[in-house]
Amino acid sequence: QVQLVESGGGSVQAGGSLRLSCAASSSTYSGGCMGWVRQVPGKEREEVAAIKRNGFTTYTNSVKGRFTISKDDAKYTLYLQMNILKPEDTAMYYCAADKVFSVFCGSVGRGDYRHWGQGTQVTVSS
């Protein structure tokens, strides 16, 4: 059983905050690295944050200093704390786990994930 269940999306004003959660099945959580990927219609998919099993984290430049990825191993849950949100952060955010090629684990923007959540919409108004 492989399952990723996301929550926490919504609409906020610029400068506000949101906390996204991703509850993973034990098999998915233990299968490899995890991350958050966002997509806007008509735009390319962008991996914004990644975290390894050992807790090592990486971020794409546009969210550094504003977003924080974390995990709770006991709860098999992944989080994305998003602060100082900007209109350009508006997107569908997906939780993802277990990259096909593990050499790309922990490197944002490289490699594809095997498993994906359903996505949660984040809308930021100016």
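Hydrophobic cluster membership is shared by F67 and V122, with clusters built from Ile, Leu, Val, Met, Phe, Trp and Tyr side chains linked at under 4.5 angstrom. Hydrophobic cluster membership differs between Y94 and V108, with clusters built from Ile, Leu, Val, Met, Phe, Trp and Tyr side chains linked at under 4.5 angstrom. In the hydrophobic cluster analysis, where Ile, Leu, Val, Met, Phe, Trp and Tyr join through side-chain heavy atoms closer than 4.5 angstrom, Y59 is grouped together with L78. A continuous path of hydrophobic side-chain contacts links V63 to M82 [ILVMFWY only; heavy atoms under 4.5 Å]. Put simply, M34 and L80 are part of the same group of oily side chains (I, L, V, M, F, W, Y) that touch within less than 4.5 Å, one to the next.
Here the CD1 atom belonging to I51 is positioned 10.5 Å from the SG atom belonging to C33, to the nearest 0.5 angstrom. Taken to the nearest 0.5 Å, the OG atom of S7 stands 8.0 Å off from the CG atom of L20. One finds the CZ atom of R19 at 5.5 Å from the CD atom of Q81 (value rounded to the nearest 0.5 Å).
With no hydrogens or angles considered, a side-chain donor-acceptor pair links N83 and S17 at under 3.5 Å.
Around CZ of R110, the count of heavy atoms belonging to other residues, nucleotides or ligands within 6.0 Å does not exceed 12. Atom CD of Q118 is surrounded by more than 12 heavy atoms from other residues, nucleotides or ligands within 6.0 Å.
Pairing each heavy atom of I69 with each of G35, the nearest pair is CD1-CA, 4.1 Å. Residues S126 and A14 come closest through the heavy atom pair CA-CB, 4.2 Å. Listed here is the closest heavy atom pair of D89 and R38: OD1-NH1, 2.9 Å.
For the pair D112/E47, no side-chain contact is recorded, criterion being any heavy-atom separation below 4.5 Å from C-beta on. Using a 4.5 Å cut-off on side-chain heavy atoms (C-beta onward), H115 and L4 make contact.
Geometrically, R45 engages W116 in a cation-pi contact defined by less than 6.0 Å to the ring centre and at most 45° from the axis. A cation-pi arrangement is absent between K99 and F104, since the terminal nitrogen or guanidinium carbon is not both under 6.0 Å from the aromatic centre and inside a 45° cone about the axis.
Panel note: side chain E6, backbone G119; a donor-acceptor pair is recorded below 3.5 Å. Side chain of T90 to main chain of E88: no donor-acceptor pair is present (N/O by atom type, distance under 3.5 Å, no hydrogens or angles). Checked by atom type and distance alone, the side chain of T120 never pairs as donor or acceptor with a backbone atom of Y93 at under 3.5 Å.
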Exercise. Would you please test Y79 and K71 for side-chain contact (heavy atoms from CB on, under 4.5 Å) and show each step?
Key: CA-CA 6 Å; Y79 303 97; K71 60 186 178 70; 5.6 Å; no
Exercise. Start with the C-alpha gap between T60 and E46, add the side-chain angles, then the distance that decides, and say whether side-chain contact (heavy atoms from CB on, under 4.5 Å) holds.
Key: CA-CA 8 Å; T60 192; E46 179 184 35; 3.7 Å; yes
Practice problem: Let me see the working for V37 and Y113 under side-chain contact (heavy atoms from CB on, under 4.5 Å), right down to the final yes or no. | Solution: CA-CA 10 Å; V37 182; Y113 286 97; 4.2 Å; yes
